[in-house]
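First comes the structure, then the notes that go with it.
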Amino acid sequence: MHEDLWWRSAAIYQLYVRSFADGNGDGTGDLAGVRSHLSYLAELGVDAIWFNPWYPSPLADAGYDISDPRGIEPAFGTLADADALIGEAHALGIRIIIDVVPNHASDQHPWFIAAQAAGPESAERDRFWFRRGRGPSGDEPPNNWQSIFGGPAWTRVTEPDGSPGEWYLHLFAPQQPDYNWSNADVRAEFEDVLRFWFGRGVDGIRIDSGALLTKDAALPDVAADYPPGPSHPFTDRDDVHDVYRSWRAVADSYPARVLIGEIWLPDAARLARYVAPGELHTVFNFPYLSCPWDAAALRQVIDETLALNAPAGAPAIWVLSNHDVDRIVSRYGRADTAFNLARRRYFHNFPVDLALGTKRARAAALLTMALPGSVYIYQGEELGLWEVQDIPDELRQDPIWRRTGGADPGRDGSRVPLPWSGTEPPFGFSPPSAVSEPWLPQPKEWRDLTVEAEAASDDSMLRLYREALHIRRDSAALGDGAMSWLPAADGVLAFDRLSGAVGVGGVRCVANLSTGPVELPPHTTVLLASGPLTSDGNLPPDTTVWLRV
Ligand code: GLC
């Protein structure tokens, strides 16, 4: 039987439920909203949807604090809604990928509540990282690790008898206690969760914070100024690979299911280990997402990404933005076009040229969709939405904002509800009968960026994405496969995607990141361009073209 390798070429839409579409008028997106817009995604031309966590959650970290990994957040709907959605998406030829969050639970998860109640040295506490504090009365954290969201990575509990008690580890917010992956219950639980969702028809799992799971049980201090990274005792330990080998065995017992790692590691050799045979099918590529709009830097990242995946024969993932980073239109409109989590707090102080950012984002979209492998589109990217930098402080929700005392603006600006139609907020995000405003305010200028407005305009971002996705899907040369660089002037990226099959046309992609126009290389026809060519047929700066060869 022919193996179904859909994920090697797929265009995947990242859907952030809270901000996609609100079906019941409470100002929060939900599964009813998604179901009523599935035809939009089918028309856009995506092959799969990745859902950010849709489980019951107190929303201390926008759903990445899960209190029941087998349910659906009541504000989003019910398990029956999810089942119906999976069926309807499949009927449209769209696969479903969901987030699984193995590093941590919610502090409202029954296991964590039981652990607090059971007290020190209990089997219930062994599922997490409870430790006595340091100092004579144990009132200092067990070690000096810092939370990735700011502040200490430990919080002290009050014991059932009311006395000040042990501390528990949380690499993210205090409401996100870390699981102990040396504990057999934890391992068995997650394998069961995978089976639960694969059994319901889910096609893939995106593994959240995939390099963090296992920890050095000695919990050693780190040097005071140590940034999280591959040699930090909580990142990328060898024993995490045992976990993924067992997950792969689970995935392989269902047809065509896929494991996708969110692995933030700058070191390509370390990253490559996650796609070794018998482990994950594919891993996200954050160096590409962080890369400045610079031809030499992009070429280097592209080559490194292909090289790291090559030994395992894994397909690369290309992604320009997601719910954790600034929207690209804003990023590319600043003087510094790189993205760096540690520097986000400074970016928002710089001016943004939205017209330039949009032009570059269009060029980047065509560049990205021409690269070999799969591609992710974060909802709203196809509309050219920008980072909303002026959300009033009292409406901000991201724990990063609070835990850094407002120094880091956090991620709310990329999570603002989508504009669908009309000329006033909520722009069709909520139904006319809505009783609440959208959970984050939408800029009034988004009246020009609604789905309705962009569908009616020939040169909108939406039309570009639609055309590109349809060409990409219909072309045997795009998606999975090989690429070959062509000689090109400084600041220009040019490469061929040839299918190898006799009689099937190839695609030649040229992206001009230099400051002047460049001549097009030989071709038969222009398939698609991110902006108009010059009057003499040359490729202007910040423009990408797909040529038929
Ligand atoms: C991942 C998610 C992010 C979340 C964090 C903790 O990086 O993408 O949104 O806050 O993990 O779960």
Side-chain angles (χ1 to χ4, degrees), residues 12 14-19 50-67 69 73 97-109 112 128 145-151 153 169-179 181 190 193 204-213 215 227-229 232 234-236 240 260-266 271 274 280 283-287 289-290 317 319-327 339-342 344 376 378-381 387 396-404 408-416 440:
I12 298 161
Q14 182 192 345
L15 194 150
Y16 197 76
V17 183
R18 239 177 145 188
S19 301
W50 153 35
F51 284 89
N52 287 101
W54 59 11
Y55 314 100
S57 164
L59 297 179
D61 180 24
Y64 284 93
D65 48 321
I66 297 168
S67 52
E73 162 59 31
I97 297 167
I98 59 170
D99 238 304
V100 162
V101 183
N103 182 68
H104 43 268
S106 157
D107 63 350
Q108 300 305 310
H109 188 294
F112 192 73
F128 300 93
W145 296 4
Q146 293 293 298
S147 154
I148 292 166
F149 286 168
L169 177 69
H170 52 84
L171 295 184
F172 294 93
Q175 298 89 341
Q176 295 169 293
D178 279 42
Y179 283 114
W181 275 88
F190 272 88
V193 166
I205 299 291
R206 179 258 192 196
I207 303 164
D208 184 68
S209 301
L212 300 183
L213 276 45
K215 277 109 196 163
H232 192 289
F234 69 62
T235 308
D236 186 37
V240 77
I260 304 155
E262 185 214 24
I263 315 281
W264 282 91
L265 283 182
L271 193 52
Y274 290 80
L280 307 183
V283 288
F284 275 98
N285 179 36
F286 295 109
L289 164 147
S290 317
I317 289 180
V319 50
L320 288 170
S321 74
N322 65 30
H323 66 295
D324 290 328
V325 305
D326 280 18
R327 285 202 175 270
F339 182 79
N340 181 325
L341 285 173
R344 173 174 38 215
Y376 283 67
Y378 174 47
Q379 72 178 35
E381 194 177 295
E387 183 76 11
R396 288 188 186 273
Q397 312 235 353
D398 189 354
I400 291 183
W401 155 257
R402 273 178 273 118
R403 286 184 64 82
T404 60
D408 186 327
R411 304 163 294 181
D412 291 321
S414 66
R415 300 174 175 182
V416 172
L440 286 174

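Numbering of ligands and ligand atoms starts at 1, following listing order.
- Heavy atoms only, all atoms of each residue included: D65 and S106 are closest at C-CB, 3.5 Å.
- In terms of protein heavy atoms, atom 4 (C) of ligand 1 is closest to D61 OD2, 3.4 Å.
- Panel note: side chain W54, backbone I98; no donor-acceptor pair is recorded below 3.5 Å.
- Salt bridge annotation for R415-D324: present, with a cationic side-chain nitrogen under 4.0 angstrom from a carboxylate oxygen.
- Proximity of F284 to ligand 1, defined as any heavy-atom pair under 4.0 Å, is not found for any part of the residue.
- Of all atoms in ligand 1, listed by their number and element, those nearer than 4.0 Å to a heavy atom of R411 are 3 (C), 4 (C), 9 (O), 10 (O).
- Atoms of ligand 1 found under 4.0 Å from any heavy atom of E262, numbered from 1 in the order shown, are 1 (C), 7 (O), 8 (O).
- Nearest heavy-atom pair, W401 versus P409, reported as atom, atom and distance to 0.1 Å: CB-O, 4.0 Å.
- Residue-ligand proximity, R415 to ligand 1, at heavy-atom distances under 4.0 Å covers atoms 9 (O).
- Set against the non-hydrogen atoms of F149, the atoms of ligand 1 under 4.0 Å away are 10 (O).
- Closest to atom 3 (C) of ligand 1, if we only count protein heavy atoms, is D324 OD1, 3.2 Å.
- By heavy-atom distance, the residue among N322, D208, D398 lying nearest atom 11 (O) of ligand 1 is D208.
- Residue H323 is tested with Y64, Y16, Y378 for a side-chain hydrogen bond (donor to acceptor under 3.5 Å, both in side chains); the sole match is Y64.
- Residue H104 approaches ligand 1 through these ligand atoms, each under 4.0 Å from one of its heavy atoms: 6 (C), 12 (O).
- Considering only non-hydrogen protein atoms, atom 5 (C) of ligand 1 sits nearest to F172 CE2, 3.8 Å.
- Here the closest heavy-atom approach between residue I260 and residue F284 is recorded as CG2-CE1, 3.6 Å.
- For S209, a nitrogen or oxygen atom sits less than 3.5 Å from a nitrogen or oxygen atom of ligand 1, counting backbone and side chain alike.
- Side-chain contact annotation: D61 with Q176, donor-acceptor N/O pair under 3.5 Å present.
- R206 pairs by the salt bridge (charged side-chain N to carboxylate O under 4.0 Å, His left out) definition with D99, D208, E262, not counting sequence neighbours.
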